[in-house]
Amino acid sequence: MPELPEVETIARQLRARGVEGKEILSVKVNWARTVEPLPVASFSRQVRGTTIDKISRVGKWMMFSLSSGKTIMIHLRMSGSCSMTPGLYDRLVLKLSDGLTLYYRDTRKFGRWKLVDDPQIILGKLGPDALTQRFTKKYFRAAMRARHRMIKPLILDQSIVAGLGNIYADEALWEAQIHPERLSDSLGDDELDRLFKAIRHVLTIGVRNRGTSLGDGKTNYRDVAGDSGGHREQVKAYGRGGKPCDRCGTALEKTVVAQRGTTFCPACQQLDQ
DNA sequence: GAAGACCTGCTA
DNA sequence: TAGCAGGTCTTC
C-alpha cells in the first residue's frame, strides 16, 4: 500500500512530531520477523541508547540515521504505518526521550526494519527516486528504450525508478494516456515525455494530499495522525473499474497485467499505436 | 514472464 | 468460504 507519497507523508509527520533528536530508550518487538537481522535481542541492544539524528526517505524506504553510525531502514510493504499512539497490530514499539513513543503498526506483517551499517547496500540497487533531480526525462527515455518490456511492470520496477506502486502506476498511465501493456521500446518521444511528466505529477499531488487510502478497513493506509490521506478523491483509474473515465466517459476496464490488478481506460489508453 | 511465499482482514 | 489486496523476494 504505501508508495512514495505515503512514505514521504509519514517521514514528514515523524519529523514534525519531533522524533528527530530523540534518544531510543527501549525497543519492544512484538513480531520478531519485523526485524533484520535477527535475533531481536541483538537488534534491540544495538539500537537502545542511540539517538535518531535524521529521518529521510528514498523511494519507498524510510531511514532513521542513528548516532551510532548505523541506520534503521524501514520498508512498510503492504500495510505498515507509524503512530504516536498505541493500537492493534503494533509490531514494534520505540520508547523515546521526552515522553514520546513511536508505534510501528503492520497488519499483514510484511514490513521490515533493517539495521544496516551502510544504507547504500540497499539504496544502491534502486533507480533514481522519482521526485528527485536524478530522475530526468533523458534518463527515463533511455531506460525505457533500452528494454523490451510491458510499460506498467517496468515503471513498477524499483531498480529503474524508485517510488511508484500499483496505484500511482495506474494513475500515471491513465494521465499519460498509455496502455499498461504497451512495450517500453515502442513508445515515442512524446509518449515517454508525457509519462515522465505524469509520474512526477501524480506523485507530487499524492504528497500534497498526504497520500491515498482506499476503502475504510484496518488494512488501509493511515498517516501518523491516523488520517486516511486526502488523495483518495483524486484517483482517476485505480479501483475505479466499471466507472466512467473522467476524460471521455467510457467505462474503465479492470484487468491483470504482470500479476497486478490494473485499471485503465480502453478508449484513451490504446494498445495498438 | 509466471507462480509461490510471506500475512491478515475484508468483500463477494 | 474463497478470493482478493497498495510490495518484494525467490524459484522456476
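Residue numbering restarts at 1 for every chain, and letters A, B, ... go by the order of the sequence lines.
Nucleotide C/dA5 holds its C1' atom 19 Å from the CZ atom of A/Arg240, rounded to whole Å. A/Lys152 places its NZ atom 14 Å from the P atom of B/dG1, with the value rounded to the nearest Å. The NZ-P distance, from A/Lys109 to B/dC7, rounds to 7 Å in whole Å. For the pair A/Trp113 CH2 and C/dG7 P, the interatomic distance rounds to 21 Å; values are reported in whole Å. Spacing between atom CE of A/Met78 and atom C1' of B/dC7 amounts to 10 Å, rounded to whole angstrom units. Taking atom CZ on A/Arg105 and atom P on B/dT8, their separation rounds to 17 Å, with Å as the unit. When rounded to the nearest whole Å, the span between CD of A/Glu171 and P of C/dG6 equals 13 Å. Look at CD on A/Glu36: it is 12 Å from C1' on B/dC6, rounded to the nearest Å.
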Point to revise | Bracket string, DNA chain B, 5' to 3' - pairs by Watson-Crick or G-U geometry under 3.5 Å, | interstrand | key: ||||||.|||||
Which atom pairs link the protein and nucleotides 8-12 of chain C when you take only N or O atoms and keep those under 3.5 Å?
{"from": "C/dT8", "atom 1": "OP1", "to": "A/His75", "atom 2": "NE2", "distance (Å)": "2.8"}
{"from": "C/dT8", "atom 1": "OP2", "to": "A/Lys60", "atom 2": "NZ", "distance (Å)": "2.7"}

Between the protein and nucleotides 2-5 of chain B, which nitrogen or oxygen pairs are less than 3.5 angstrom apart?
{"from": "B/dA2", "atom 1": "OP2", "to": "A/Gln259", "atom 2": "OE1", "distance (Å)": "3.1"}

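Checking the phosphate oxygens (OP1, OP2) of C/dG6, a side-chain nitrogen or oxygen of A/Tyr238 falls inside 4.0 Å. Within the structure, a side-chain polar atom (N or O) of A/Tyr89 is placed less than 4.0 Å from OP1 or OP2 of B/dG9.
Listed by first and then second residue, the side-chain hydrogen bond (donor to acceptor under 3.5 Å, both in side chains) pairs that reach into residues 44-53 of chain A are A/Gln46-A/Lys70, sequence neighbours excluded. Applying the salt bridge (Lys or Arg N to Asp or Glu O under 4.0 Å) test to pairs two or more places apart or on separate chains, none has a residue in residues 261-271 of chain A. Identified under the side-chain hydrogen bond (donor to acceptor under 3.5 Å, both in side chains) test for residues 240-259 of chain A, with sequence neighbours left out: A/Lys236-A/Asp246. Listed by first and then second residue, the side-chain hydrogen bond (donor to acceptor under 3.5 Å, both in side chains) pairs involving residues 18-27 of chain A amount to none (not counting sequence neighbours).
The side-chain hydrogen bond (donor to acceptor under 3.5 Å, both in side chains) test applied to A/Gln158 returns no partner, not counting sequence neighbours. Judged as a side-chain hydrogen bond (donor to acceptor under 3.5 Å, both in side chains), and not counting sequence neighbours, the contacts of A/Lys28 are A/Asn30. Applying the side chain to side chain contact (heavy atoms under 4.5 Å, CB included) criterion to A/Thr136, with sequence neighbours excluded, gives A/Lys138, A/Tyr139. Not counting sequence neighbours, the partners of A/Phe135 by the ring pair (Phe, Tyr, Trp, His ring centres under 6.0 Å) test are A/Phe140, A/Phe196.
The side chain of A/Thr107 approaches B/dG9 more closely than any other nucleotide in the set C/dG6, B/dG1, B/dG9.
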Check your understanding: Between A/Tyr221 and A/Glu3, does a side-chain hydrogen bond (donor to acceptor under 3.5 Å, both in side chains) hold up when you go through it step by step?
Key -> CA-CA 10 Å; A/Tyr221 164 77; A/Glu3 308 178 30; over 6 Å; no
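Between C/dT1 and B/dC6, the distance separating the two P atoms is 22 Å to the nearest Å. Nucleotides C/dC4 and B/dG4 are separated by 16 Å at their C1' atoms, to the nearest Å. If you take atom P in C/dT8 and the same atom in B/dC10, they sit 23 Å apart, rounded to whole Å. Separation of the P atoms belonging to B/dG9 and C/dC9 is 25 Å when rounded to the nearest angstrom.
Remark: ring of A/Phe110 does not overlap the six-membered base ring of B/dC7 in a stacked fashion, as centroids less than 5.5 Å apart with planes less than 30° apart are not both met.
Clustering of Ile, Leu, Val, Met, Phe, Trp and Tyr by side-chain heavy atoms under 4.5 Å joins A/Met73 with A/Val58, A/Trp61, A/Met63, A/Val116, A/Ile122, A/Leu123, A/Leu126.
Ion pair A/Arg141/A/Asp189 flagged as a salt bridge, since at least one NZ, NE, NH1 or NH2 atom sits closer than 4.0 Å to an Asp/Glu carboxylate oxygen.
Heavy atoms of A/Lys254 sit under 4.0 angstrom from primed sugar atoms or phosphate atoms, though from no base atom.
There is a side-chain donor-acceptor pair under 3.5 Å between A/Asp106 and A/Ser79.
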